[in-house]
There are 2 protein chains.
Amino acid sequence: MSIELRKHIEEITPVSDDEFDYILSHFRKKKLKKHQFLVQENNEVLNDHYVIKGLLKAYYTNDEGKEHILQFAMENWWVTDYQAHFKKEKATINIDCLEDCEILCLSLENREKLCSELQKIEHFFRIKSNFGYVALQRRILSLLDKDAKGRYEQLMELYPTLLQRVPKTILASYLGVSRETLSRLS
Amino acid sequence: MSIELRKHIEEITPVSDDEFDYILSHFRKKKLKKHQFLVQENNEVLNDHYVIKGLLKAYYTNDEGKEHILQFAMENWWVTDYQAHFKKEKATINIDCLEDCEILCLSLENREKLCSELQKIEHFFRIKSNFGYVALQRRILSLLDKDAKGRYEQLMELYPTLLQRVPKTILASYLGVSRETLSRLS
DNA sequence: GATTTTTTGTGAGGTAGGTCACACTTAAGA
DNA sequence: TCTTAAGTGTGACCTACCTCACAAAAAATC
């Protein structure tokens, strides 16, 4: 059960059996079917979410109804509306399942509790956040520097499995390209 | 001296006089003139940098020699090549001063030392990193959703002082627009 | 304060990528 | 298995933004 999470944490810091059990007791398991929402606009965002199984998209919908995907989340990724979650605001994005999902939910309170009780967990989340920051910087550079084709190729290289799991229409709105243009790329 | 840093830290967690002195002793002060480099491509990136005074740009230069600004850094901001810094790789970006600068340098070793010795510092950096992550997500959304004018207006709204301090040519390469286009915006 | 460098504005013309429309294919429900 | 929905490809046309070029204004440097 949830060995994935343990392996995930131990990529950054070792934890004993007891520690891990204790950590895990702060999570709540949740199962969602394809098309179900994990986070919905205007709602409170009490939890961060660790993906055990499945695939989700986190996306912003603008006034004209156009969707922009902020991130995908698959196995071993974390996803929530971080702006809303950290600042206790209402969600401005939606997150829904592209596949049936199995999720571990961690409330802000439980995260802070764990972080203050177990420094290694605070350490874990700091390092995680640092890496996340770097990943976003790379995406910004990609958006600034590369054209549609370049961004697509970079995405395929980084996450080749995504192609098999996500329709191109949706990839397009991650890349910031129209689906027609993506379809026309050599 | 460096009351700014203390205030900066205390936006997230209180520190005693002794604690602060101890923390500060892990930083090294550095002064740089306009046009000097803080980080240079292909070099090691031993330090993160807290800006006491001045303004810098961190930018990537692509094969055609085009510059893309990853971030600005002014008073109370942190800046380095985080990818290179955290992963101990060579820098892929340059950071140089747009004004004369006063900087506090924190080596990776000293950061980790402080974090392990003082949990409140680990806490501080975790929270900081979380907020940074959210800010980058906002910028990604801006790049995906807004046109040149919209991005420019959002930037002016977020950092009105930047306009007074940075030539538009340089703002353009932050926004991902040519300087001519920026100049033509209404 | 004269001179070089940096920054800005503006025209002309080109192009990557957007939108709209329609047809075809594949997958999902009932 | 039939029916509806979701995803894809392609043409025609449009537009936001790019590049190149030149000139004027403003700053920096000696």
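The sequence lines fix the lettering, A, B, ..., with proteins before strands; numbering per chain opens at 1.
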Closest to the [X] side chain: [options]?
X        : options               : value
A:Val177 : C:dG18, D:dT8, D:dC18 : C:dG18
A:Lys168 : D:dT8, C:dT19, D:dT19 : D:dT8
A:Pro167 : D:dG7, C:dT7, C:dG9   : D:dG7

OP1, OP2 of [N] versus side-chain N and O of [X]: anything below 4.0 Å?
X        : N      : result
A:Thr181 : C:dG17 : no
B:Ser183 : C:dT10 : no
B:Lys66  : D:dT19 : yes

Okay, side chain of [X], backbone of [Y]: is any donor-acceptor separation there less than 3.5 Å?
X        : Y        : answer
B:Gln119 : A:Cys115 : yes
A:Glu4   : A:Asn76  : no
B:Arg6   : B:Val15  : yes

* To do: Give the cluster check for A:Leu98 versus A:Val51: same hydrophobic cluster or not, with ILVMFWY residues linked at side-chain heavy-atom distances below 4.5 Å.
  => no
Rounded to the Å, how far apart are [X] [atom1] and [N] [atom2]?
X        : N      : atom1 : atom2 : answer
A:Gln164 : D:dT8  : CD    : C1'   : 17 Å
A:Ile170 : D:dA5  : CD1   : P     : 18 Å
A:Asp145 : D:dC18 : CG    : P     : 13 Å
A:Leu185 : C:dG17 : CG    : C1'   : 10 Å
B:Lys33  : D:dT29 : NZ    : C1'   : 14 Å
B:Arg179 : D:dC20 : CZ    : C1'   : 11 Å
A:Leu98  : C:dA28 : CG    : P     : 13 Å
B:Glu64  : D:dT19 : CD    : C1'   : 13 Å

* To do: Check if the side chain of A:Arg184 and the base of C:dT19 share a donor-acceptor pair of N or O atoms closer than 3.5 Å.
  => yes
* Starting from the 5' end of DNA chain C, give me the residue, A:His35 or A:Arg151, whose nearest nucleotide shows up first. => A:Arg151
* Mapping B:Glu180 and A:Ala148 onto DNA chain C by nearest heavy atom, which one lands closer to the 5' end? -> B:Glu180
* Looking at A:Tyr152, does the NZ or CZ of A:Lys149 lie under 6.0 angstrom from its six-membered ring centre and within 45 degrees of the ring axis? -> no
* Mind checking whether A:Trp78 and A:Phe125 have parallel, tilted or perpendicular rings, split at 30° and 60°? -> perpendicular
* Hey, is A:Lys34 close enough to A:Asp100 for a salt bridge, meaning N to O under 4.0 Å? -> no
* Asked: Between the two ends of the helix from C:dG1-D:dC30 to C:dA30-D:dT1, what is the bend in degrees, rounded to 10 degrees, where each end axis spans five pairs?
  -> 70°
* Asked: Across the strands shown, which category fits B:Lys149 at heavy-atom distances under 4.0 angstrom: base, sugar-phosphate, nothing?
  -> nothing
* B:Gly150 near the nucleic acid: base, sugar-phosphate alone, or nothing, with a heavy-atom cut-off under 4.0 Å? -> nothing
* Structure fact -> Sequence neighbours excluded, the answer for ring-ring contact (aromatic ring centres under 6.0 Å, His included) partners of A:Phe37 is none
